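Owing to the predicted nature of the structure, the values given are computational and were not obtained by experimental measurement. Any value given below was found using the heavy atoms of this structure, including those in side chains, with hydrogens, waters and symmetry copies removed. A note on names: the letters A, B, ... follow the listed sequences, proteins ahead of strands, and every chain is numbered from 1.
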There are 2 protein chains.
Amino acid sequence: MAKKTRITNNIRTLRFMAGEMTQQQLADEVGVTRQTILAVENGKYSPTLELAFAIAKVFGRPLEEVFSYEDE
Amino acid sequence: MAKKTRITNNIRTLRFMAGEMTQQQLADEVGVTRQTILAVENGKYSPTLELAFAIAKVFGRPLEEVFSYEDE
DNA sequence: ACATGATGTATGAAAAAGCTAACATCATGA
DNA sequence: TCATGATGTTAGCTTTTTCATACATCATGT
């Protein structure tokens, strides 16, 4: 992926809309560590496709409502 | 990602529906090598979220129409 | 004041994704 | 027949993602 692209996400918002779900709870549900959720949520790196799908599923949303792609 | 999940895709079908687009052309459009397209298309590994978004965009489809997530 | 829980930071190592390059197979057309 | 283009395979290497662990900060409640 040579192009400069950016992935943003609404995980933090969705967690709180889902009844104050903590990072740890989300991590447990998708089977990763809390650090991974933290890093993804804060945009340190973007998740694998599997993880992205898993997170979207927890919130009952299509993937594109959780993660946004912006090319540039 | 501890859970056993699988990502499938319709890249091959979409390429041919897009006027016999070759792996090389798709690779060029999304900025990766042909080997990467080949590996993703044949399920050797799943792409990063960025690449998945980029591929979906080339075909003008939502990401979930190109890649499918199946948990188990 | 102190314990607890949620979040953030940092580091080092493992695993997965992607690259380059070379070579093989197969179909098509000149 | 031979060249070409598309696809597939393999190997070694780099970069990115994830894990594991430890520690810091901050708000809350007792």
query = When you check the phosphate oxygens OP1 and OP2 of C:dG8, does a side-chain N or O of A:Arg12 lie under 4.0 Å from one of them?
reply =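 Yes, such a contact exists.
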request  = Could you tell me whether the phosphate oxygens of D:dT17, OP1 or OP2, come under 4.0 Å of any side-chain nitrogen or oxygen in A:Thr48?
outcome  =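 False: A:Thr48 side-chain N/O out of range (4.0 Å or more) of D:dT17 OP1/OP2.
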request  = For A:Arg61 and A:Asn10, test the side chains for any donor-to-acceptor distance below 3.5 angstrom and give the result as yes or no.
outcome  =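 No, A:Asn10 and A:Arg61 have no side-chain donor paired with an acceptor closer than 3.5 Å.
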Sub-4.0 Å heavy-atom contacts from residues 13-26 of chain A onto DNA chain C, ordered by number =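 Of all residues in residues 13-26 of chain A, the ones placing a heavy atom under 4.0 Å from DNA chain C are A:Arg15, A:Phe16, A:Thr22, A:Gln23.
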Kindly give the heavy-atom pair with the smallest separation between [X] and [Y], and that separation in Å.
{"X": "A:Phe53", "Y": "B:Glu64", "answer": "CE2-CG, 3.5 Å"}
{"X": "B:Met21", "Y": "B:Arg15", "answer": "O-NH1, 2.8 Å"}
{"X": "A:Gln23", "Y": "A:Leu38", "answer": "NE2-CD1, 3.4 Å"}
{"X": "A:Pro47", "Y": "A:Val40", "answer": "CD-CG1, 3.8 Å"}

ask   = Do A:Arg12 and A:Glu41 pass the salt bridge (charged side-chain N to carboxylate O under 4.0 Å, His left out) test, and can you show the C-alpha distance, the side-chain angles, and the key distance before you say yes or no?
value = CA-CA 7 Å; A:Arg12 182 175 280 142; A:Glu41 188 170 298; 3.4 Å; yes
To the nearest Å, how far apart are [X] [atom1] and [N] [atom2]?
{"X": "A:Glu41", "N": "D:dT17", "atom1": "CD", "atom2": "P", "answer": "16 Å"}
{"X": "B:Ile11", "N": "D:dG8", "atom1": "CD1", "atom2": "P", "answer": "12 Å"}
{"X": "A:Lys44", "N": "D:dT16", "atom1": "NZ", "atom2": "C1'", "answer": "13 Å"}
{"X": "A:Leu38", "N": "D:dC19", "atom1": "CG", "atom2": "C1'", "answer": "14 Å"}
{"X": "A:Leu51", "N": "D:dT16", "atom1": "CG", "atom2": "P", "answer": "18 Å"}
{"X": "A:Leu49", "N": "C:dA17", "atom1": "CG", "atom2": "P", "answer": "10 Å"}
{"X": "A:Ile37", "N": "C:dT9", "atom1": "CD1", "atom2": "P", "answer": "16 Å"}

message = If you apply the rule side-chain contact (heavy atoms from CB on, under 4.5 Å), what do you find for B:Leu14 with B:Val58, and how did you get there?
response = CA-CA 10 Å; B:Leu14 290 165; B:Val58 166; over 6 Å; no
message = Need to verify one output field. Residue with the more 5' nearest nucleotide on DNA chain C, B:Val40 or B:Arg34?
response =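 The 5'-side residue here is B:Val40.
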inquiry  = Please compare B:Tyr45 and B:Gln35 by the position of their nearest nucleotide in DNA chain C and report the one closer to 5'.
reply    =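 Looking at the nearest nucleotide for each, B:Tyr45 comes out on the 5' side.
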